[in-house]
Amino acid sequence: MPFSLLMTVRTRFAPSPTGYLHVGGVRTALFNWLYARQNGGSFILRIEDTDEKRNTPEANQVIFDGLKWLGLDWDEGPDKGGDFGPYRQSERSDIYGKYLARLEASGHVYEDAGAIRFRSPRRPVVVEDIVCGRIEFDMSNPATHPDMTIRRPDGSYIFHFVNVVDDIEMKLTHVIRGEDHLSNTPKHIELYEALGEKPPHFSHIPLILNNEGKKLSKRDGGSSISYFMEHGYAPEAVLNYLCLLGWSPGENRERLTMEEIRALFDLKKINRRNAIFDLDKCFWLNGQHLLSMSLARFVELAKPFVEKAGIAYGSDEALLPALAIVKPKVKHLCDVPDWIGYLFNEDFAFDPAAVDKSLKKPGASGRIEALGVALKEVEDWTHANVEACLKATATTLGVKAGELVHPARVAVSGRSVGPGLYEMFEVLGKDRTLERFDKAKAMAAD
RNA sequence: GACCCUAUCGUCCAGCGGUUAGGACACUGCCCUUUCACGGCGGUAACACGGGUUCGAAUCCCGUUAGGGUCGCCA
């Protein structure tokens, strides 16, 4: 094997199938993925399901679906295999048995009430961490650092042991994980040393906290990646937000594409402070991404929401212009159906408040009538032409453009808020616009 | 309780011995505008505290306080 291959970076994401994918876990996965991709290495997905009751197909699927949605692709894993599988801890018992035998042979373990414990060497352990620096742990006090159990009486193995064994077996070079594991690391290093193995490079990244400063938990809004999937966040926006927690590209840059993140991210520049998750800012960043992404990308992300809402948009040819005019306005993709629904449905609902405010205004009927008559003469139905027509009509009637714009907006959309009026006219087409004017007149005040 | 980590606007991130302490979210004033957004120009708002070191400290050191993490036959 060439020397360079021995040095190839290998990182992993090792979630436990709990039935939901935590944003903290996602950020850990992202940092591991970035480091592997930046160094031409491999990113491995390993499922830590030694706790039998958590091991369900559904819980596994949540992890796969979440990572796929985010675009964090893995090179080896339960679903695609690899040279160091199986990639589910529940299927690796024989491997753990071999490593346990090694510890037994070297006298590092002992039995205690049916369980097997690792005898700590009781020597100071130094953790050289890429993010945290050099930290020395005093392991001499058994009261505060008891010998860890590595196998239960029922024969199942404990996290610390399987985690280390797998990291050795899977030839991981870098372990990037949450800082909650920093205090566990000396124990892991003791295991590596007892096994005669070289520990990987460790990087402990700061934790993500909720708005009360506590560890983000299931109850907290936005703590599960499914929240972002359901609300229509762009995955690149979520990843962008997450990478900004504890890291910055400098120059006050915030909105970054994945390409930029891949180019700029630097493990060594991660700070050490825990960060509070700010859903408001993530929301803002999502809007920024929706605004700046290509229409093709927007369509790709929005279409599933449109389909799910059952909007009869007909063809892509009809859908695209509608999506194009709402793209600069929408902040959540799940709002797209509401923003475009009335463009594809002649029985759209009228917002009573909007009707009262614009259509019930004295003279509204006459103004809509006049605008309809004028628009009828517009031959080339473009944004520019309908705008010119409306403004000319306003001048003729001696009213401000707004006096026509507002009732017209309600007439064609049923609401007072929406995309640009002329864009809506253009998307609806001349005939449908004028038909809607006729209907609205019936509701309007004289 | 022991051990480990952390400490700049409400929040996130800059700063790394000399700055009017910067940017973003949120809040807010004005402008732009057909609505809502977007955008532009402003505003409110921070170096936890106390000692050192230094000509000079948000930046370095120590302590205090506060917060977080770990100390499982959870992962």
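Below, chains carry the letters A, B, ... as their sequence lines are ordered, and counting in each starts from 1.
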Of the candidate nucleotides C4(B), A75(B), A2(B), which contains the atom at the shortest distance from the side chain of Phe137(A)? C4(B)
Describe the nucleic acid contact of Lys187(A) in one word from base, sugar-phosphate, nothing, applying a heavy-atom distance below 4.0 Å. sugar-phosphate
Distance-only donor-acceptor test, Lys329(A) side-chain atoms vs U35(B) base atoms, 3.5 Å: yes
Pair assignment for C73(B), Watson-Crick or G-U wobble, requiring both distances under 3.5 Å: none
From CZ of Phe118(A) across to P of C71(B) the rounded distance in Å is 17 Å
With P as the reference atom in both, quote the distance from G15(B) to G68(B) in angstrom, rounded to an integer. 26 Å
Atom CG of Asp278(A) to atom P of A26(B): distance rounded to whole Å? 9 Å
Looking at U70(B), I'd like to know if its phosphate oxygens (OP1 or OP2) sit under 4.0 Å from a side-chain N or O belonging to Lys215(A). yes
What's the closest nucleotide to the Arg152(A) side chain, out of C38(B), C73(B), U70(B)? C73(B)
Can you identify which nucleotide, out of C71(B), A24(B), G69(B), has its nearest atom closest to the Leu207(A) side chain? G69(B)
For C30(B), give its Watson-Crick or G-U wobble partner with both distances under 3.5 Å, or none. G40(B)
Aromatic plane relationship, Tyr227(A) with Tyr233(A) - under 30° parallel, 30 to 60° tilted, over 60° perpendicular: tilted
If you look at every strand shown and take non-hydrogen atoms under 4.0 Å, does Ser416(A) touch a base, only sugar-phosphate, or nothing? base
Checking Leu397(A), Leu421(A), Ile368(A) against Leu404(A) for side-chain contact (heavy atoms from CB on, under 4.5 Å), the one that qualifies is Leu397(A)
Partner of A24(B) by Watson-Crick or G-U wobble geometry, both contacts under 3.5 Å, or none? U11(B)
Quick one: does Tyr96(A)'s side chain get under 4.5 Å of Glu169(A)'s, heavy atoms only? no
ring-ring contact (aromatic ring centres under 6.0 Å, His included) assessment of Phe31(A) paired with Phe265(A): CA-CA 9 Å; Phe31(A) 287 176; Phe265(A) 179 73; 4.9 Å; yes
Which of these nucleotides, C4(B), C25(B), C71(B), is closest to any side-chain atom of Leu182(A)? C4(B)
Quick one: Asn252(A) CG to C12(B) P, roughly how many Å, whole number? 16 Å
Could one point to a donor on the side chain of Glu251(A) or the base of G23(B) with an acceptor on the other under 3.5 Å away? no
Under 4.0 Å between a side-chain N/O of Arg151(A) and OP1 or OP2 of C73(B), yes or no? no
Does a side-chain N or O of Asn271(A) approach OP1 or OP2 of C13(B) to a distance below 4.0 Å, or not? yes
Is the phosphate of A24(B) approached by Arg253(A) (side-chain N or O, under 4.0 Å from OP1 or OP2)? no
Once you apply a heavy-atom cut-off of 4.0 Å, does His181(A) come out as touching a base, just sugar-phosphate, or nothing? base
Give Pro419(A) one of three labels, base, sugar-phosphate or nothing, depending on what nucleic acid heavy atoms sit under 4.0 Å from its own. base
Nearest to the side chain of Asp180(A) - U70(B), C73(B), A2(B)? U70(B)
The nucleotide from G72(B), C4(B), U35(B) with an atom nearest the side chain of His406(A) is U35(B)
Counting Watson-Crick and G-U wobble pairs only, both distances under 3.5 Å, name the nucleotide matched with A45(B), or none. none
Hey, what's the ring geometry for Phe348(A) with Phe350(A), parallel, tilted or perpendicular (30° and 60° as the breaks)? tilted
Scan Ala401(A) against the nucleic acid and name what it touches under 4.0 Å (heavy atoms): base, sugar-phosphate only, or nothing. nothing
What nucleotide, of C5(B), C13(B), U35(B), holds the atom closest to the side chain of Glu179(A)? C5(B)
Nearest to side-chain heavy atoms of Asp280(A), which nucleotide of G22(B), C25(B), G69(B): C25(B)
Please give the distance between the P atoms of U64(B) and A2(B) as a whole number of Å. 12 Å
Indicate, with a heavy-atom threshold strictly under 4.0 Å, whether Gly213(A) touches base, sugar-phosphate, or nothing. sugar-phosphate
Quick one: is Arg273(A) getting a side-chain N or O under 4.0 Å of the U11(B) phosphate, OP1 or OP2? no
Taking C4(B), C36(B), G23(B) as options, the one with an atom nearest any side-chain atom of Trp339(A) is C36(B)
Give a yes/no answer on whether the side chain of Ser248(A) brings an N or O atom under 4.0 Å of OP1 or OP2 in C13(B). no
Using whole Å, what does the distance between atom P of nucleotide G22(B) and atom CD of Glu254(A) come to? 16 Å
Nearest to the Ile276(A) side chain among G23(B), C3(B), U11(B), which nucleotide is it? U11(B)
Rounded distance in Å between the P positions of A45(B) and G10(B): 10 Å
So, under a plain 3.5 Å distance rule, would you say the side chain of Thr149(A) forms a donor-acceptor pair with the base of G72(B)? no
Quick one: which of Arg409(A), Arg367(A), Lys391(A) gives a salt bridge (Lys or Arg N to Asp or Glu O under 4.0 Å) with Glu403(A)? Arg367(A)
Quick one: sort the Phe64(A) and Trp74(A) rings into parallel, tilted or perpendicular, breaks at 30° and 60°. parallel
G67(B) pairs with which nucleotide, Watson-Crick or G-U wobble, both distances below 3.5 Å? C5(B)
Give one of base, sugar-phosphate or nothing for Leu421(A), where a contact means two heavy atoms less than 4.0 Å apart. base
Output yes when at least one side-chain N/O atom of Arg409(A) is less than 4.0 Å from OP1 or OP2 of U34(B), else no. no
Is there a side-chain contact between Gln288(A) and the phosphate of A37(B), meaning an N or O under 4.0 Å from OP1 or OP2? no
Looking for any heavy atom pair under 4.0 Å, which part of the strands does Phe283(A) touch: base, sugar-phosphate only, or nothing? nothing
Atom pair distance, as rounded to whole Å: CG in Asn240(A) and P in C25(B): 13 Å
Using the ring centroid of each side chain, check whether Tyr157(A) and Phe159(A) are separated by less than 6.0 Å. no
What does Asn184(A) touch in the nucleic acid at a heavy-atom separation under 4.0 angstrom: a base, only the sugar-phosphate, or nothing? base
Just call it for Gly420(A): base, sugar-phosphate, or nothing, with non-hydrogen atoms closer than 4.0 Å on any strand. base
Stepwise side-chain hydrogen bond (donor to acceptor under 3.5 Å, both in side chains) check, His188(A) with His160(A): CA-CA 6 Å; His188(A) 298 178; His160(A) 302 293; 2.8 Å; yes
With RNA chain B as reference, determine whether Lys269(A) or Ala113(A) sits nearer its 5' end, using the nearest nucleotide of each. Lys269(A)
Sole candidate of Leu428(A), Val386(A), Val378(A) that passes side-chain contact (heavy atoms from CB on, under 4.5 Å) when paired with Thr433(A): Leu428(A)
Write down the distance separating the C1' atoms in U8(B) and G22(B), rounded off to the nearest Å. 11 Å
Is the shortest side-chain N/O distance from Thr50(A) to OP1 or OP2 of A75(B) below 4.0 Å? yes
Length of the OH-C1' vector between Tyr241(A) and C13(B), whole Å: 11 Å
